[in-house]
Amino acid sequence: MKKRRGSSRYFFIFFLLLIVLGSLGYGMRMLITKISFFNINKIEVTGNTTLESDFLSNLAGDFIGQNLYAVSKKNVMVKFNNIIRVKDVTVVRMFPDKLKIKIRERRGVFSLITADGELFPIDDEFVILDNDNFSLFTNIPMIHLQNTKEDIIPGMQMQSDELNEIFSFYTEIRKIESDFFDKVSEIFISDEEIHVVEKNKGYLVIFGNDSLEDQLKQFSFIEENRDFEVGSTVDLRFEDQLIIRTEVR
């Protein structure tokens, strides 16, 4: 029984110390939030590539003059998370009066082209991005849709079996050859198989459903050792047999 009382006494002291330390920490924080020396004097926004720096800085301008340690990181993040192109936000307090906001933008990996010819970028999480800046479409492949532009809302997460299959193909190919899609202008599904259009000469490459790595290695080898004519079709669907034909598509 004495051992139990001794253990209980030490536990009580330890618990009391935790309360005292916690109270001191809380008191110090409350004191710091009242000192004007820590009022935010500068806000630095980094990481943006397509979003304008002035726009982002103005968006955070409301925090100028507020205490660095009184500003909630959550409130800062909410302001930026409402922007469609913002994927993630990191907020860092920099002693004594600087707030640093690091932006990670959503990037289009494909551009969806609607039945009426409107282009919309889509990122790797299937989120539709705004299409205000035409230069964002110049280096990413197109996917044709039956939808009209009225069906597409920037910020929406679009799902379809066709998109799932194309993105699955995209992910697998990039594991094998990370820059493969830099030379692709268009990708679509026909007869349940992936068709890719080369960017420079416009020849068509048909991939089968199995052994993507073998098909890609075969194609890369042939591509390095011969020129394809405009309008050629390179058919990779058949194991140990490469079919190249020229036809009007």
Side-chain angles (χ1 to χ4, degrees), residues 49-50 85 87 105-149 152 154 158 160-238 241-249:
T49 54
T50 60
R85 283 194 172 271
K87 186 172 187 176
E105 291 187 10
R106 295 187 180 275
R107 299 177 183 275
V109 295
F110 293 107
S111 57
L112 305 181
I113 181 166
T114 64
D116 42 2
E118 192 85 7
L119 285 168
F120 291 90
I122 184 170
D123 79 345
D124 57 359
E125 294 182 341
F126 293 56
V127 175
I128 306 294
L129 308 180
D130 60 84
N131 60 353
D132 296 334
N133 190 341
F134 183 76
S135 65
L136 300 176
F137 303 102
T138 56
N139 293 314
I140 56 177
M142 291 188 301
I143 299 174
H144 285 268
L145 295 178
Q146 297 302 314
N147 308 68
T148 64
K149 62 183 179 181
I152 308 297
M158 191 167 185
S160 72
D161 292 340
E162 184 178 16
L163 280 178
N164 286 335
E165 188 171 345
I166 288 174
F167 271 87
S168 177
F169 173 79
Y170 169 81
T171 301
E172 290 302 312
I173 290 293
R174 278 181 54 84
K175 290 178 183 176
I176 304 165
E177 186 178 333
S178 60
D179 60 351
F180 176 79
F181 289 92
D182 293 345
K183 52 191 175 186
V184 172
S185 66
E186 186 179 344
I187 181 170
F188 60 93
I189 295 175
S190 179
D191 296 326
E192 301 182 353
E193 288 167 325
I194 297 287
H195 291 57
V196 167
V197 179
E198 191 270 343
K199 181 181 294 185
N200 295 318
K201 290 191 175 179
Y203 56 83
L204 181 69
V205 185
I206 305 175
F207 284 86
N209 295 319
D210 301 317
S211 304
L212 277 180
E213 184 170 2
D214 292 338
Q215 292 177 61
L216 191 57
K217 286 179 179 178
Q218 183 185 35
F219 171 68
S220 297
F221 176 79
I222 297 297
E223 187 183 35
E224 290 173 1
N225 290 278
R226 65 164 292 172
D227 291 327
F228 295 107
E229 297 178 12
V230 176
S232 295
T233 295
V234 183
D235 196 334
L236 304 171
R237 289 176 292 178
F238 307 101
Q241 184 182 8
L242 179 67
I243 299 175
I244 301 174
R245 58 184 182 271
T246 302
E247 58 188 24
V248 178
R249 296 199 301 274

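Bear in mind that the values here come from a model prediction, so they are computed numbers and not experimental data.
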Give me the one residue out of Lys201, Lys217, Lys183 that meets salt bridge (charged side-chain N to carboxylate O under 4.0 Å, His left out) with Glu223.
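So the option named by the test is Lys183.
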At what distance, to the nearest 0.5 angstrom, does [atom1] of [X] lie from [atom2] of [Y]?
X: Met158; Y: Asn147; atom1: CE; atom2: CG; answer: 4.0 Å
X: Leu145; Y: Glu162; atom1: CG; atom2: CD; answer: 7.0 Å
X: Asp132; Y: Arg85; atom1: CG; atom2: CZ; answer: 8.0 Å
X: Glu224; Y: Phe219; atom1: CD; atom2: CZ; answer: 10.0 Å
X: Ile122; Y: Ile143; atom1: CD1; atom2: CD1; answer: 6.5 Å
X: Leu129; Y: Ile152; atom1: CG; atom2: CD1; answer: 12.0 Å

Please walk me through it: do Leu212 and Lys175 pass side chain to side chain contact (heavy atoms under 4.5 Å, CB included)?
CA-CA 11 Å; Leu212 277 180; Lys175 290 178 183 176; over 6 Å; no
What's the shortest heavy-atom distance between [X] and [Y], and which atoms?
X: Gln218; Y: Leu236; answer: OE1-CD2, 3.8 Å
X: Val127; Y: Asp123; answer: N-OD1, 2.9 Å
X: Glu186; Y: Pro141; answer: N-CB, 4.3 Å
X: Asn131; Y: Leu119; answer: ND2-O, 2.9 Å
X: Asn225; Y: Phe221; answer: ND2-O, 2.6 Å

Identified ring pair (Phe, Tyr, Trp, His ring centres under 6.0 Å) partner of Phe110 from the options Tyr170, Phe126, Phe188:
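Among Tyr170, Phe126, Phe188, the one that satisfies the ring pair (Phe, Tyr, Trp, His ring centres under 6.0 Å) with Phe110 is Tyr170.
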Side chain to side chain contact (heavy atoms under 4.5 Å, CB included), paired with Ser185, selected from Ile140, Val197, Val196:
Val197
Are [X] and [Y] side-chain neighbours, meaning at least one heavy-atom pair lies under 4.5 Å?
X: Val109; Y: Phe181; value: no
X: Lys87; Y: Asp124; value: yes
X: Val234; Y: Gln215; value: no

Please lay out, stage by stage, how Asp182 and Glu177 fare under the test side chain to side chain contact (heavy atoms under 4.5 Å, CB included).
CA-CA 10 Å; Asp182 293 345; Glu177 186 178 333; over 6 Å; no
